[in-house]
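Remember, predicted model here, so these are calculated numbers, not experimental data.
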Number of protein chains: 2
Amino acid sequence: MSEPAVPAQESLAFSALVLALAGELVQGIHDRVVAAGFADLRPAHGFAFARISHGGATTAELAGHLGVTKQAAAQLVDELVRKGYVERTPHPTDARARLLRLTEHGWACTRAADAAAVEAVAPFRELLGPERFAALVRDLAALGPKGPIRPTW
Amino acid sequence: MSEPAVPAQESLAFSALVLALAGELVQGIHDRVVAAGFADLRPAHGFAFARISHGGATTAELAGHLGVTKQAAAQLVDELVRKGYVERTPHPTDARARLLRLTEHGWACTRAADAAAVEAVAPFRELLGPERFAALVRDLAALGPKGPIRPTW
DNA sequence: CGATATAGACAAGCTGCTTGTCCATCGATA
DNA sequence: TATCGATGGACAAGCAGCTTGTCTATATCG
């Protein structure tokens, strides 16, 4: 075995770096979103917003994307509806289902989260410079990670 | 404002990619660790192992690193002790504190987790090739993310 | 038209984390 | 050395987010 000693170190460093970076991003984004006035949300809600804003989501569908049970998703949606971020509208073709849609407040939060993400990433971008940063994003994209899908936080 | 339109897109893509990648890594590593026979652990334990294996950790210290309360950390340590991964030893200079140490079983798990991380990263490494992957790791390291420290999952 | 699957809701329960309180011991200071 | 605030750790109670299990209404396929 002992052949890939350096690659192993590199791979370990890679996962540690990605995990550390993700933690820092989550924290940084969440802090800014809270500071922007959306203090009644937690990081985990981000993925739900992403899916709902994409359109065509039902509660069961959302549950699948978040990797949780329907009840957990229903509870989360309930909370977001109570807080005015999401509304349930009748589904055009399925009388059982309810189509989820962001309210204006929900869209405002989404915009704030996007701005927060850009701000949180800005120092990294400046650290590497535009070219190297662009290359970094390109290489990360090339890895084709299959899923925000699962929150895991 | 509208000046940084493309950078904004790029920054958004960056955070989305890092988060997606982190989720995939967590899942991939955890699955392999479970498959290696350590089924009684959850992803969140990883950070605790990392800190304890580093040496010199007490429960309160661990709590700080994990970003949770002392009680939560104490509970987690209790569980790891019960399951045979960690042992509490007397602290050499502080009669209040207990020094945390991995057992042989704990070290075995750490080795399995490292191997799992390397395996989980392998496809990415092959996708980019050794040179581009090394450059990627170098650039990520240059960002100097300050903390595994906080689990957030 | 009948059988099976699915969207969503209701109920109960568990687990991981929190806050609050307490004691023993440490470190600094008088 | 005696005292006092700070700290490591433990105990207790409570909460929030998630789970499994069950039910109804509707959809879809034979």
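- The backbone N or O of B:L62 sits nowhere less than 3.5 Å from a side-chain atom of B:H65 that would complete a donor-acceptor pair.
- Rounded to whole Å, the distance from NE2 on A:H91 to C1' on C:dA7 is 10 Å.
- The main-chain N or O of A:L41 is found under 3.5 Å from a side-chain atom of A:H30 such that the two form a donor-acceptor pair.
- When distances are taken from the side chain of B:K70 to each of D:dG9, D:dT26, C:dC26, the shortest belongs to D:dG9.
- Per the geometry, NZ belonging to B:K83 stands 10 Å off P belonging to C:dT15, to the nearest Å.
- In terms of position on DNA chain D, the residue among A:T93 and B:A97 whose nearest nucleotide sits closer to the 5' end is B:A97.
- Rounded to an integer number of Å, the gap from B:E61 CD to D:dT7 P is 14 Å.
- The separation between A:D78 atom CG and C:dA11 atom P is 13 Å, rounded to whole Å.
- Distance from the side chain of B:Q75 is smallest to C:dC17 among C:dC17, D:dG9, C:dG8.
- Not one N or O on the side chain of A:T59 forms a donor-acceptor pair closer than 3.5 Å with the backbone of A:A74.
- Closest approach of B:V68 to B:A73, counting heavy atoms only: CG2-N, 4.1 Å.
- Considering only side-chain N and O atoms, B:T69 lies nowhere under 4.0 angstrom from the phosphate OP1 or OP2 of C:dT19.
- Atoms CG (B:D40) and C1' (C:dT15) sit 16 Å apart, rounded to a whole Å.
- When the C1' atom of D:dC18 is taken as reference, atom CD of A:E79 falls 13 Å away, rounded to whole Å.
- Contact between the side-chain N/O atoms of A:R88 and the OP1/OP2 oxygens of C:dA9 is found at a separation under 4.0 Å.
- Taking atom CG on B:L66 and atom C1' on C:dG16, their separation rounds to 13 Å, with Å as the unit.
- Checking C:dA7, D:dC18, C:dA24 against every side-chain atom of A:R96, the shortest atom distance belongs to C:dA7.
- For B:A72, counting side-chain heavy atoms from C-beta on, the closest listed nucleotide (D:dA10, C:dA7, C:dC17) is C:dC17.
- The closest donor-acceptor contact from the side chain of A:T103 to the backbone of A:Y85 lies under 3.5 Å.
- Within the nucleic acid shown, A:T59 comes within 4.0 Å of sugar-phosphate atoms alone, with no base atom in reach, counting heavy atoms only.
- Among the protein residues, A:Q71 comes within range of the nucleic acid bases, having at least one heavy atom under 4.0 Å from a base atom.
- The interatomic distance linking B:D94 (CG) with D:dT7 (P) rounds to 12 Å, in whole Å.
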